[in-house]
Chemist: 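Dropping the structure in here first, questions after.
Being a predicted model, the structure only gives us computed values, none of them experimental. Index from 1, following the sequence.
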Amino acid sequence: MFLLLLCLLSGLLIGVLGITYKLASRKKYDPDGFRSALTWIAAALALVAAAVSGEPFPGGMVLFLAVLCGGCFFLALIAVMRAMEIGAVSFTWVLINLSIVIPILVSAALWSEPVGVAQGAGFAFFALSLLLFGRDVVRGGPKRISVEWVIAAAIMFLANGAFLVLFKVIDRHTAAPHTFVTLCTLYCTSAVLFLLRQRKFALPHAGEWKLGAAAAVSMVGGQALIIRALSINTASSLPIIHGVSIIVVAVASAMMFGERFSRYSAGGLLAGLVSITLLTLG
């Protein structure tokens, strides 16, 4: 029951993060300003959390992996914002959640993490849910898939998958709870990469700071809970977390932005709930 609550709360927070991405794209904020505010605030939150929790400072290998995480996070964050700007937001969010396939396959191949019958059925329903959500029709009609969107989505998919794999490797590398110190290293690395990319220091506007703060709180909280969930269970926790985030973003899109549910998205919601139940029973 504790693991289920942990996964549901993490999924809720990650879903809120997805909503802030959508708001940023609709309000036409400067993408670099929004991302810079998000990563700097996230780094500060993670640093405070690490100081309060009294976690030991990680060794060289953990720091190295955290820096690699930061690089993957940087690429994924740039790619997801770009994909949302030029393509359908709902389908982009579904695709980035599909990247959980990468750590699940890696965990099964390298660490022989078991997949039971109920979990296997849960994965099938989860895949069905993603496929149905992918057919969702946003308000105003679906946007045409361009080559640029395909490239951005592919980078987003691979970078986010590598990001999750590296977190799993860090968890297996050490028994010490380096959660927040690792997150702090990750976000600081990403923020520095943003500065190098911009080649100048430009403070984001007030709106970007406010939205970035909401995104950072959801991001730090959600990812910290993901790490905790993975430390007490196999990678099968990930479909639960990401499935919940998809439902949160879909419902918020209908309530806040007037995007209508097609028969495919309604079926995706139902398949997602069945998937969560089966994966939890497994």
Chemist: Going hydrophobic residue to hydrophobic residue with side-chain gaps under 4.5 angstrom, can you get from Val150 over to Met156?
Modeler: yes

Chemist: Please give me the minimum heavy-atom distance between Leu183 and Val220, naming the atom from each residue.
Modeler: CD1-O, 4.0 Å

Chemist: When hydrophobic residues are tied together by side-chain contacts of less than 4.5 Å, even through go-betweens, does Val16 share a cluster with Leu9?
Modeler: no

Chemist: Examine Leu47 and Val181 and state if one hydrophobic cluster contains both, with Ile, Leu, Val, Met, Phe, Trp and Tyr joined whenever side-chain heavy atoms are less than 4.5 Å apart.
Modeler: no

Chemist: To the nearest 0.5 Å, what is the distance between NZ on Lys210 and CG on Leu23?
Modeler: 13.5 Å

Chemist: Which atom pairs, one a donor and one an acceptor, fall under 3.5 Å between side chains of residues 62-83 and the rest of the protein, sequence neighbours left out?
Modeler:
unit_1	atom_1	unit_2	atom_2	d
Arg82	NE	Glu148	OE2	3.0
Arg82	NH1	Glu85	OE1	3.1
Arg82	NH2	Glu148	OE2	2.6

Chemist: What residues, two or more places apart in sequence or in another chain, satisfy side-chain contact (heavy atoms from CB on, under 4.5 Å) together with Ala43?
Modeler: Tyr187, Cys188

Chemist: Does the side chain of Thr20 come within less than 4.5 Å of Leu17's, by heavy atoms?
Modeler: yes

Chemist: Find the distance between OG1 (Thr39) and CZ (Phe34) and round it off to the nearest 0.5 Å.
Modeler: 10.0 Å

Chemist: For the hydrophobic clusters of this structure (ILVMFWY residues joined by side-chain heavy atoms under 4.5 Å, transitively), does one cluster hold both Leu158 and Val169?
Modeler: yes

Chemist: Less than 4.5 Å apart, side chain to side chain, heavy atoms only: is that true for Phe180 and Cys184?
Modeler: no

Chemist: Taking all non-hydrogen atoms of both residues, which atom of Gly33 and which atom of Glu208 are closest, and how far apart?
Modeler: CA-OE1, 3.9 Å

Chemist: What pair of heavy atoms forms the shortest contact from Ala216 to Leu38, and how long is it?
Modeler: CB-O, 3.5 Å

Chemist: Write down the atom of Ser218, the atom of Leu13, and the distance for their closest heavy-atom approach.
Modeler: CB-O, 3.3 Å

Chemist: Is Leu166 linked to Met61 within one hydrophobic cluster, defined over Ile, Leu, Val, Met, Phe, Trp and Tyr using a side-chain heavy-atom separation of less than 4.5 Å?
Modeler: yes

Chemist: Can you confirm whether more than 12 heavy atoms, excluding those of Phe157, are under 6.0 Å from its CZ atom?
Modeler: yes

Chemist: Just how far is it from atom CD1 of Ile41 to atom OG of Ser36, taken to the nearest 0.5 Å?
Modeler: 10.5 Å

